[in-house]
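Taking it in order: structure first as structure tokens, then the write-up.
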There are 2 protein chains.
Amino acid sequence: MTKRDAKLRPTDAELEILNVLWQRGASTVRDVHQEISRVKPTAGYTTVLKTMQIMAEKNLVRRDESQRAHVYEARLAREQTQRQLIGDLLDRAFDGSATKLVMQALSAKKASAEELSTIRDMLDEFERGGGKS
Amino acid sequence: MTKRDAKLRPTDAELEILNVLWQRGASTVRDVHQEISRVKPTAGYTTVLKTMQIMAEKNLVRRDESQRAHVYEARLAREQTQRQLIGDLLDRAFDGSATKLVMQALSAKKASAEELSTIRDMLDEFERGGGKS
DNA sequence: TAATGTCAACGAAAACTTTCGTACTTCGGG
DNA sequence: CCCGAAGTACGAAAGTTTTCGTTGACATTA
């Protein structure tokens with residue numbers, strides 16, 4: 001068990017694939033490769049395949065081998081992985097302060113009025129429920 | 001100029017060093033090594049040194065060589081790097097949606113009432129100013 | 001059954017990060 | 001002047017991630 005396994009933090013290439021799986025649901029390598037090719041036409045098929053095989057080894061994805069074209073599915077929900085990534089970032093660069101992170105997030109990407117309103121609603125819920133209900 | 005240079009995204013080891021530099025201000029390698037050793041006693045001196053030299057090459061830090069013990073200083077403010085990291089994460093895992101990121105941040109680390117209040121104040125400012133003034 | 005196309009498996013190479021041994025330089029004390 | 005301590009420089013090794021060429025299995029069709 002290596003350090004990376006413990007963190008379960010997907011690499012860049014892995015995250016790119018996970019994004020497709022989350023968006024499309026269970027998919028074959030070909031599906032994923034085609035999707036990625038739209039944005040990044042240089043992406044090689046075997047590169048995507050290999051990465052997905054490694055992801056299966058790491059348990060980042062589940063693989064259904066009953067069909068000739070194996071079908072892959074993200075093992076964790078997108079939200080779960082997002083929380084994982086944020087937790088890491090929080091520890092590595094924000095001293096664990098979610099407040100600071102939120103602050104920088106809002107200034108990194110100028111949020112629209114609508115977004116701000118959504119966030120405000122969310123805060124209300126958190127204050128009431130004291131957490132994700 | 002490689003892909004990494006373009007992103008200017010510090011690696012884990014680099015971020016660990018940057019954290020010390022941000023906390024202590026300009027420091028020698030020995031300073032940084034001692035500080036890191038507190039948390040991670042296995043850290044080798046030359047490892048830290050080498051990483052800092054690479055960081056100087058990458059322009060992540062500035063180096064004052066006028067003294068025998070070179071003095072290193074983070075080139076970017078902590079906040080700037082934090083925004084950079086968040087921007088990356090936003091693109092890689094959140095579809096660019098700061099709202100989703102904020103949502104997950106708050107549920108990843110259960111924010112205290114005080115923190116929530118701080119964030120609320122921040123939102124007010126953003127709404128008034130329409131962004132970082 | 002032979003030809004062709006699609007796919008997973010495998011291994012190696014390339015790129016990048018991290019670690020560390022070793023050499024060289026400089027400074028201060030004896 | 002010589003020695004040891006404290007530094008930096010350098011390069012190589014180890015580990016990880018990413019890419020890709022090649023092979024073999026399987027399926028479809030003529």
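Letters A, B, ... mirror the listed sequences (proteins, then strands); counts begin at 1. This structure is a prediction, so every number in the text was calculated from the model and none was measured.
Side-chain nitrogen and oxygen atoms of T51(A) include none within less than 4.0 Å of the OP1 or OP2 phosphate oxygen of dT18(D). For dT17(D), the OP1/OP2 oxygens have no side-chain nitrogen or oxygen of R9(A) closer than 4.0 Å. Side-chain nitrogen and oxygen atoms of T47(B) include at least one within less than 4.0 Å of the OP1 or OP2 phosphate oxygen of dC20(C). Contact annotation: Y45(A) reaches the phosphate of dA8(C) (side-chain N/O to OP1 or OP2, under 4.0 Å). Side-chain nitrogen and oxygen atoms of T11(A) include none within less than 4.0 Å of the OP1 or OP2 phosphate oxygen of dT16(D).
Here the nucleotide nearest the side chain of V29(A), chosen from dT17(C), dA8(C), dA9(D), is dA8(C).
More than 12 non-hydrogen atoms from other residues, nucleotides or ligands lie less than 6.0 angstrom from CD of E65(A). Within a 6.0 Å radius of CD in Q67(A), other residues, nucleotides and ligands contribute 12 heavy atoms or fewer.
Qualifying ring-ring contact (aromatic ring centres under 6.0 Å, His included) partners for H70(B), counting only residues two or more places apart in sequence or in other chains: none. When the side-chain contact (heavy atoms from CB on, under 4.5 Å) test is applied to T118(B), the partners found at least two apart in sequence or on another chain are T99(A). Every residue two or more places apart in sequence or in another chain that forms a side-chain contact (heavy atoms from CB on, under 4.5 Å) with A69(A) is listed here: T28(A).
The distance between atom NZ of K58(B) and atom C1' of dT17(C), rounded to the nearest whole Å, is 8 Å. Between D12(B) atom CG and dC16(C) atom P the separation is 17 Å, expressed in whole Å. Taking atom CZ of R92(B) as the reference point, atom C1' of dT17(D) lies 13 Å away to the nearest angstrom. The nearest whole Å value for the distance from the CD atom in E57(B) to the P atom in dA9(D) is 10 Å. Straight-line distance from the CG atom of D64(A) to the C1' atom of dA8(C): 14 Å, rounded to whole Å. Put simply, CE on M52(A) is 17 Å from P on dC20(D), counting in whole angstrom units. Whole-Å rounding puts the I54(B) CD1 to dC20(C) C1' distance at 12 Å. In this structure, the CE atom of M55(A) is 13 Å from the P atom of dT19(D), given to the nearest Å.
Of the residues K40(A), H33(A), E35(A), the one that meets the side-chain contact (heavy atoms from CB on, under 4.5 Å) test with S37(A) is H33(A).
Note that CG of L85(A) is 9.5 Å distant from CG of L101(B), once rounded to the nearest 0.5 Å. From M55(B), atom CE reaches atom CG of L21(B) across 6.5 Å, with rounding to the nearest 0.5 Å.
Of the residues in residues 16-28 of chain B, not one comes within less than 4.0 Å of DNA chain D through any heavy atom. Near-neighbour residues of DNA chain C inside residues 66-76 of chain A, defined by a heavy atom below 4.0 Å, number-ordered: R68(A), A69(A), H70(A).
Side-chain contact annotation: D64(A) with S66(A), donor-acceptor N/O pair under 3.5 Å present.
Remark: the backbone N or O of A93(B) is paired with a side-chain donor or acceptor of R78(A) at under 3.5 angstrom. One N or O on the side chain of S27(A) and one on the backbone of G25(A) form a donor-acceptor pair closer than 3.5 Å.
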After noting the C-alpha distance and the side-chain angles of Q82(A) and E79(A), does the key distance pass the side-chain contact (heavy atoms from CB on, under 4.5 Å) rule? CA-CA 5 Å; Q82(A) 288 175 335; E79(A) 289 69 25; 4.2 Å; yes
Are there any protein N/O atoms within less than 3.5 Å of an N/O atom in nucleotides 10-12 of chain D, and if so, which ones and at what distance?
unit_1  : atom_1 : unit_2 : atom_2 : d
dG11(D) : N7     : K50(B) : NZ     : 3.4

